[in-house]
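The structure under discussion appears below in the form of structure tokens.
These numbers were taken from a predicted model, which means no experiment stands behind them. Numbering starts at 1 and runs along the sequence shown.
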Amino acid sequence: MLKECPPLELGLNGSDIKLGLTTLHICKSCRPKGHPKNPQINRPGLILFQELSTRILRSPLQNKVCVKGTRCLNLCPRPCGTSFSTPGAWTYLFGDHKHGETTTDILKCLEIYIDQPDGHLPRESRPKALQSSILGRVPPEGS
């Protein structure tokens, strides 16, 4: 099991944060339209979360990425959803993932993201599955 992500270290004035730890959020409740809500263990988002958690735990990313399952990323029309974020860097939101199909591309994209100091992911640098599945990006705070 992945260890819990450490809290960010805030400076005395509350504005300085520890850089470098990337968080991968995965929507565990994601399911395509018409897919049954129950049992929850069969939801594609939860299965994707389990796949990605296992793969990261067995890779060099285990010390660079904090995996967090979330209840909902509000991407219902485009399941399954993930986001990449690092303090001081761009945050990305992706949809249209399919467990067993896009897991490797998600991990490749995550590696590229981590290697960029500002987290900038130009379309052509992302694996094909994540070029058209981007739903948004948020600039680093203060930019």
Next item on the list: Go through the steps for Leu121 and Cys109 under the test side chain to side chain contact (heavy atoms under 4.5 Å, CB included), then give the verdict.
Entry: CA-CA 8 Å; Leu121 283 173; Cys109 193; 3.8 Å; yes
Check: Would Leu61 and Glu111 satisfy side chain to side chain contact (heavy atoms under 4.5 Å, CB included), going step by step from the backbone distance to the final call?
Finding: CA-CA 8 Å; Leu61 291 173; Glu111 289 173 349; 3.9 Å; yes
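Rounding to the nearest 0.5 Å places CD1 of Ile41 at 9.5 Å from NZ of Lys28. Put simply, CG on Leu52 and CG on Leu110 are 8.5 Å apart, with the number rounded to the nearest 0.5 Å. We find the OG-CZ distance between Ser53 and Arg55 to be 12.0 Å, quoted to the nearest 0.5 Å. Atom OG in Ser59 sits 8.0 Å away from atom CG in Leu57 (nearest 0.5 Å). How far SG of Cys80 is from NZ of Lys98: 8.0 Å, rounded to the nearest 0.5 Å. Here the straight-line distance linking atom CD1 of Ile56 with atom CD of Glu51 works out to 11.5 Å at 0.5 Å rounding.
Between Val67 and Gln62, every side-chain heavy-atom pair lies at or beyond the 4.5 Å cut-off. Side-chain contact between Leu130 and His97 is present, with at least one heavy-atom pair separated by less than 4.5 Å. Between Leu48 and Thr82, the closest side-chain pair of non-hydrogen atoms falls below 4.5 Å. In this structure, Thr70 and Phe49 have side chains that are not in contact, with every pair of non-hydrogen atoms separated by 4.5 Å or more. Counting only heavy atoms from C-beta outward, the side chains of Arg31 and Lys37 approach each other to under 4.5 Å. Between Lys68 and Cys66, the closest side-chain pair of non-hydrogen atoms falls below 4.5 Å. A heavy-atom distance below 4.5 Å is found between the side chains of Leu73 and Leu93. Here the side chains of Pro44 and Cys30 are not in contact, with every heavy-atom distance at 4.5 Å or above.
Counting non-hydrogen atoms of neighbouring residues, nucleotides and ligands closer than 6.0 angstrom, the CG atom of Asp115 exceeds 12 such neighbours.
Annotation for Asn42 and His35: closest pair O-CE1, 3.3 Å, computed over non-hydrogen atoms. Across all non-hydrogen atoms, the minimal contact from Thr86 to Thr22 is OG1-OG1, 2.6 Å. Across Leu21 and Lys64, no two heavy atoms sit closer than the pair CD1-O, 3.9 Å. For the pair Ala129 and Thr102, the tightest heavy-atom approach, listed with the atom from each and the gap, is CB-CG2, 4.0 Å. Between Ala89 and Pro117, the closest heavy-atom pair is CB-O, 4.4 Å.
In this structure, the side chain to side chain contact (heavy atoms under 4.5 Å, CB included) partners of Gln116, at least two apart in sequence or on a different chain, are Ile112, Asp118. For Phe84, the ring-ring contact (aromatic ring centres under 6.0 Å, His included) partners at least two apart in sequence or on another chain are Phe94, Tyr113.
Cluster annotation: Leu107 is connected to Tyr92 through the hydrophobic network of ILVMFWY side chains, with a link wherever side-chain heavy atoms come within less than 4.5 Å. Cluster annotation: Ile134 is connected to Leu24 through the hydrophobic network of ILVMFWY side chains, with a link wherever side-chain heavy atoms come within less than 4.5 Å.
In this structure, the side chain of Arg78 does not engage the main chain of Gly95 through any donor-acceptor pair within 3.5 Å.
Residue pairs meeting the side chain to side chain donor-acceptor pair (under 3.5 Å) criterion with at least one member in residues 125-142, sequence neighbours excluded, are His120-Arg137.
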